[in-house]
Amino acid sequence: MASTAFPSISSTVAPPPSALWSANFSAPYPTCAPWQNFVLGEGGVPELVSPYVVQSKGGSVAWGLPARSAQAAYIIQAFVTNVMLSTLQGLPAHHVSAFDDLSVTLSFRQPSASASTPPVLVVPLVRGSPFLTFIFPQGGPPATPVLTTIHAILSVQAIGDTKYRVALNNGQTWLVYLSSPLSLRQDGATLVAAAPFTGTIRVALLPGNSPQQEEALLDARVATVPVGGRARVGAFRINYRWRTQQWRKVPAGGSKAPLLMLSLPTHRRLRVRADNPSPASSLRRHRSVSSSSSLGMGMGAIQVAAGSPALRGDGGRREAGWDYDSSDSSGGEVGSILAAQDDASSSPATDAAGTWNQAPMASTSASASAASAPADSVLVYPTIDGHAVGMSGSAWELKVPKTPTQWHSNAFTSDQQLLSDLRASLKQDVAALPPLTNPSTYFFGKAAARAARLALIAEQVHDDGSLAVVLPPLRSALSAWLDGTFPGNRLLYDPTWGGVVSEAGSRDKGADFGLGMYNDHHFHYGYFVYAAAAVAKFDPVWGSRYRSKLSALVADYMSVNRTAAFPRLRNFDAYALHSWASGLFDFGDGRNQESFSEAANAYYAGSLLAYVFGDLPLATLGATLAAVEAVAAQTLMQVPASSSSPPSSLSPAYEPVFADTNRMVGVLWSTKRDAALWFAPPADLDKRVGIQVLPITPFLAHLFPDRSFARQLVEWALPVLSGGAATDEWRGFSWALQALYDPEGARAKIAALGAFDDGNSKTNMLWWLATNTP
């Protein structure tokens with residue numbers, strides 16, 4: 001196993017990976033994947049596979065377009081079994097047989113079957129596909145498909161011998177496509193196949209806005225089937241590439257139908273466009289920002305275990321012993337999220353036992369129908385993240401706003417009185433610096449980052465004396481954590497899942513906010529890394545001494561290579577384009593994240609540390625991910641006053657009852673928007689603002705580039721901020737936003753504050769004011 005520089009520990013709180021994972025897989029495992037529910041507990045808690053919610057439970061796969069309801073305190077999409085697929089012979093339990101950046105594959109294999117025997121059923125769940133795909137492999141056990149609904153079936157229309165149109169009494173119409181002829185017989189609310197089936201079934205909902213055009217588009221695109229996808233982060237750019245198959249032979253002289261996928265508002269804010277380079281040019285044009293030796297894993301902490309049959313070159317995994325027929329994959333390997341190299345070695349691996357195939361394919365005139373298909377944008381599905389709009393192309397490119405990583409803001413005041421107040425406050429805060437003794441990873445991290453801010457401000461205002469006072473205790477406390485001598489807690493490596501956990505968190509599920517259950521890793525370690533980056537900046541010898549351990553902390557949440565120690569990008573969701581925080585908990589509403597500002601801080605901090613170590617590729621990765629997190633926060637968490645008007649293609653469609661009441665989402669879930677916080681009710685507006693602002697660093701300006709929205713947010717919270725329920729610790733973050741549009745008004749309010757958050761200080765507030773005051 002790879003060395004991570006931290007001693008290993010056997011956690012008593014994190015459940016061991018179960019049989020819901022392929023037996024071919026080994027650590028490291030994803031712990032915050034958007035499909036994590038499929039491998040937690042019994043695997044039966046639904047997950048969002050946009051635009052549908054999918055559940056695998058009790059010998060069936062159920063799915064539906066979630067039923068949505070909204071109140072002032074929440075918007076929720078409840079799981080509804082619109083359709084369910086099973087077989088007359090019965091389905092065994094699922095296991096995850098493959099996963100990558102944009103998909104997860106569930107396989108249903110008889111327990112007694114050998115590894116080389118095809119499963120009964122394979123379900124590649126590719127996020128953003130308007131189709132759900134069910135593959136009954138050739139050579140697998142006999143399986144007679146059964147489709148069931150909880151609704152009444154109003155009509156079943158057979159269209160030729162490979163398509164059915166099914167109308168339900170809830171107003172939905174579902175299209176059922178078959179790769180080869182199969183007769184379906186209606187029996188009440190059930191459609192039963194006339195015989196066992198080998199081949200592929202694809203199912204799609206007609207959104208119903210323009211049914212004829214929607215159906216024509218789905219007809220024209222159904223033959224190109226996505227079975228996986230890779231996302232690759234470059235320098236302020238993300239490239240998607242989907243792996244596809246054709247379920248029918250393309251006639252001589254014909255062409256494949258374009259792949260049809262769905263874009264979300266965050267994709268469109270990043271100016272998504274279809275990008276279909278040739279295999280050769282894709283490797284030249286889209287150079288990764290990584291190299292095989294210079295990234296965080298190359299800082300000396302991680303060793304790559306090469307040659308594992310279950311380890312895919314894109315950082316995903318695929319079960320050994322069988323695989324999709326990859327002879328028809330679309331366009332070759334474009335690369336993975338910062339794969340080690342841009343070459344053929346990054347192609348998916350298959351085992352020598354062979355591949356399995358679908359049934360023999362009939363030919364189709366897909367190219368002709370594709371040419372006459374309606375515009376992709378005719379297909380629009382409602383989702384909690386906004387309109388999911390059709391877009392063709394097996395490769396997309398997203399352009400990320402260029403957001404440089406900086407220690408200090410470019411703008412700084414010329415107001416001499418403000419500068420004098422700042423320098424005086426710095427000396428007072430440094431003199432009163434509390435001991436860095438809190439054994440909580442979160443609260444120590446915040447306190448250490450607070451001290452690091454004082455050090456950096458001292459540098460900016462040329463106060464070498466204050467810098468000399470604050471640096472030694474900060475360096476000493478961080479050294480104790482990295483050496484494993486900090487009183488009351490230690491950082492250790494969990495080899496079962498593959499991650500750095502705290503000793504307290506490995507013994508108590510609730511300790512360190514669930515760190516041992518892989519909750520909030522990027523929040524906690526982001527603060528550690530920020531503080532360490534500052535110390536290493538001022539003391540390169542110290543940085544060199546602890547480089548391997550600091551590299552492991554960054555790699556825990558920002559790993560980019562094929563590594564045997566950590567999963568790739570533990571928290572970041574390449575399709576949703578933001579991070580998740582919830583770890584190994586199987587919530588009914590899916591994954592969740594509360595503080596987008598702390599998530600962005602983790603990547604910003606990783607970028608700063610990489611700059612200190614001269615690792616430009618990793619620094620660029622961190623800056624890119626931080627910028628994407630900021631765009632997602634603006635798109636999904638921030639709710640401008642205009643959000644209750646008809647939604648644009650660049651914003652979610654939040655209902656007026658929610659959008660008129662809330663200027664900020666509290667907790668973002670896969671299928672829910674909650675006004676409440678984990679630690680406070682919806683009425684605590686001071687905390688709801690503050691948790692999306694902290695920590696105050698130069699990056700804060702990129703989270704709130706719209707000054708008018710900052711004003712809306714402060715004015716929304718003002719009734720609470722002006723009352724007795726709010727505390728000065730939380731008020732400060734709202735006054736920091738006020739400084740963006742009214743620095744003079746904010747100045748008086750900051751001067752009146754009597755207390756500050758444990759990750760903040762009066763000096764930091766005055767520094768922020770100075771960056772926004774001419």
Side-chain angles (χ1 to χ4, degrees), residues 46 48-54 62-70 75-85 126-134 147-160 162-178 184 186 189 191 201-222 257-265 267-268 369-370 372-392 645-649 651-656 671:
L48 177 67
V49 185
S50 191
Y52 307 111
V53 175
V54 179
W63 67 92
L65 195 70
R68 183 158 165 165
S69 62
I75 302 171
I76 190 167
Q77 290 190 320
F79 173 63
V80 178
T81 304
N82 295 139
V83 188
M84 180 172 64
L85 182 140
V126 182
R127 300 165 69 216
S129 173
F131 298 95
L132 288 168
T133 301
F134 304 90
L147 291 169
T148 304
T149 176
I150 64 170
H151 311 289
I153 297 177
L154 299 182
S155 65
V156 179
Q157 296 175 270
I159 303 169
T162 58
K163 177 184 171 185
Y164 291 84
R165 185 187 299 122
V166 182
L168 308 180
N169 73 340
N170 67 341
Q172 291 180 342
T173 297
W174 292 85
L175 302 177
V176 180
Y177 298 90
L178 304 143
L184 298 179
Q186 182 182 353
L191 299 178
I201 297 175
R202 304 199 77 194
V203 182
L205 174 70
L206 279 181
N209 302 307
S210 303
Q212 291 183 334
Q213 290 183 300
E214 293 164 355
E215 185 166 354
L217 179 62
L218 292 167
D219 287 351
R221 302 290 191 259
V222 68
L259 174 65
L260 179 63
M261 299 298 290
L262 302 170
S263 72
L264 295 172
H267 297 117
R268 297 190 289 274
S369 61
S372 59
D376 300 331
S377 58
V378 73
L379 195 68
V380 180
Y381 291 87
T383 81
I384 200 164
D385 294 324
H387 289 158
V389 180
M391 182 172 175
S392 287
S645 61
S648 73
S649 66
S651 63
Y654 293 158
E655 286 82 349
T671 59

Asker: Below 4.5 Å, heavy atoms only, C-beta onward: do His387 and Pro265 meet side chain to side chain?
Answerer: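 In short, these two side chains do not touch, never coming nearer than 4.5 Å.
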
Asker: Could you check if a side-chain atom of Asn82 sits within less than 4.5 angstrom of a side-chain atom of Trp174, using non-hydrogen atoms only?
Answerer: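 In contact.
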
Asker: So, for Leu147 and Trp63, which heavy atoms are closest and what is the spacing to 0.1 Å?
Answerer: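 Shortest heavy-atom separation between Leu147 and Trp63 comes out as CD2-CH2, 4.1 Å.
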
Asker: Please examine the side chains of Leu218 and Arg202, heavy atoms only from C-beta on, and report whether any two atoms are closer than 4.5 Å.
Answerer: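 The answer is no; the side chains never approach within 4.5 Å.
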
Asker: Do you know the tightest heavy-atom contact between Tyr654 and Ile384?
Answerer: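 Shortest heavy-atom separation between Tyr654 and Ile384 comes out as CE2-O, 3.6 Å.
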
Asker: Is the side chain of Tyr52 donor-acceptor paired with the backbone N or O of Pro130 at a distance under 3.5 Å, no angle test?
Answerer: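 Indeed, once roles are kept as given, a pair shorter than 3.5 Å links the two residues.
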
Asker: To the nearest 0.5 Å, how far apart are CZ in Arg127 and CG in Leu262?
Answerer: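 Between Arg127 CZ and Leu262 CG, I get 12.5 Å after rounding to 0.5 Å.
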
Asker: Any chance you could lay out the side chain to side chain contact (heavy atoms under 4.5 Å, CB included) test for Val126 and Phe131, step after step, and finish with the verdict?
Answerer: CA-CA 9 Å; Val126 182; Phe131 298 95; over 6 Å; no

Asker: Applying side chain to side chain contact (heavy atoms under 4.5 Å, CB included), run through Leu184 and Val156 and close with a yes or a no.
Answerer: CA-CA 9 Å; Leu184 298 179; Val156 179; 5.9 Å; no

Asker: Could you tell me if the side chain of Thr173 sits less than 4.5 Å from the side chain of Pro211, heavy atoms only?
Answerer: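 They are not in contact (no side-chain heavy atoms under 4.5 Å apart), so the answer is no.
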
Asker: What are the two closest non-hydrogen atoms of Met84 and Thr81, and how far apart are they?
Answerer: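 The pair with the smallest heavy-atom distance is CB-CG2, 4.0 Å.
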
Asker: Answer whether the closest heavy-atom distance between the side chains of Leu65 and Pro382 falls below 4.5 Å.
Answerer: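 Yes, their side chains come closer than 4.5 Å.
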
Asker: Using modelled atom types only, decide if a donor and an acceptor are shared between the side chain of Glu214 and the backbone of Asn209 within a distance under 3.5 Å.
Answerer: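 Confirmed, Glu214 side chain pairs with Asn209 backbone.
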
Asker: What pair of heavy atoms forms the shortest contact from Arg165 to Leu175, and how long is it?
Answerer: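 Closest approach of Arg165 to Leu175, heavy atoms only: CG-CD2, 3.8 Å.
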
Asker: Got His267 and Met391 here, is their nearest side-chain heavy-atom distance under 4.5 Å?
Answerer: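 Not touching, per the 4.5 Å side-chain cut-off.
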
Asker: Measure the spacing between CZ of Arg221 and CG of Leu259 and express it to the nearest 0.5 Å.
Answerer: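 Rounded to the nearest 0.5 Å, the CZ-CG separation comes out at 9.5 Å.
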
Asker: If you apply the rule side chain to side chain contact (heavy atoms under 4.5 Å, CB included), what do you find for Gln77 with Val53, and how did you get there?
Answerer: CA-CA 9 Å; Gln77 290 190 320; Val53 175; 5.6 Å; no

Asker: Check whether any side-chain heavy atom of Ile153 sits under 4.5 Å from a side-chain heavy atom of Leu168, and report yes or no.
Answerer: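 Side-chain contact under 4.5 Å: yes.
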
Asker: Can you check whether Thr383's main-chain N or O pairs, donor with acceptor, with Arg68's side chain at less than 3.5 Å?
Answerer: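 Answer holds: yes.
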
Asker: With side chain to side chain contact (heavy atoms under 4.5 Å, CB included) as the criterion, how do Val203 and Phe134 come out once you've worked through the C-alpha distance, each side chain's angles and the decisive distance to 0.1 Å?
Answerer: CA-CA 8 Å; Val203 182; Phe134 304 90; 4.2 Å; yes

Asker: Which distance, rounded to the nearest 0.5 Å, do you find between the OG of Ser392 and the CG of Leu217?
Answerer: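 If I round to the nearest 0.5 Å, the distance is 6.5 Å.
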
Asker: Is the closest side-chain heavy-atom distance between Pro652 and Asp385 below 4.5 Å?
Answerer: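 No. Closest side-chain heavy atoms not under 4.5 Å.
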
Asker: Rounded to the nearest 0.5 Å, how far does OG of Ser69 lie from CD1 of Ile75?
Answerer: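 Those atoms lie 9.0 Å apart.
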
Asker: Any idea which heavy atoms bring Ala220 and Ala257 closest together, and the distance?
Answerer: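 Reported closest heavy-atom pair: O-CB, 3.3 Å.
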
Asker: Might you point out which heavy atoms bring Ser210 and Val378 nearest each other, and give the distance in Å?
Answerer: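 Closest approach of Ser210 to Val378: CB-CG2, 3.9 Å.
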
Asker: Counting only N and O atoms by type, is there a donor-acceptor contact under 3.5 Å from the side chain of Thr149 to the main-chain atoms of Val83?
Answerer: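 Judged by distance alone, no pair lies under 3.5 Å.
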
Asker: Side chain of Tyr381, backbone of Leu205: donor and acceptor closer than 3.5 Å?
Answerer: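 Confirmed, Tyr381 side chain pairs with Leu205 backbone.
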
Asker: What's the separation between atom CD in Gln212 and atom CG in Leu206, rounded to the nearest 0.5 Å?
Answerer: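 So the gap between those two atoms works out to 10.5 Å.
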
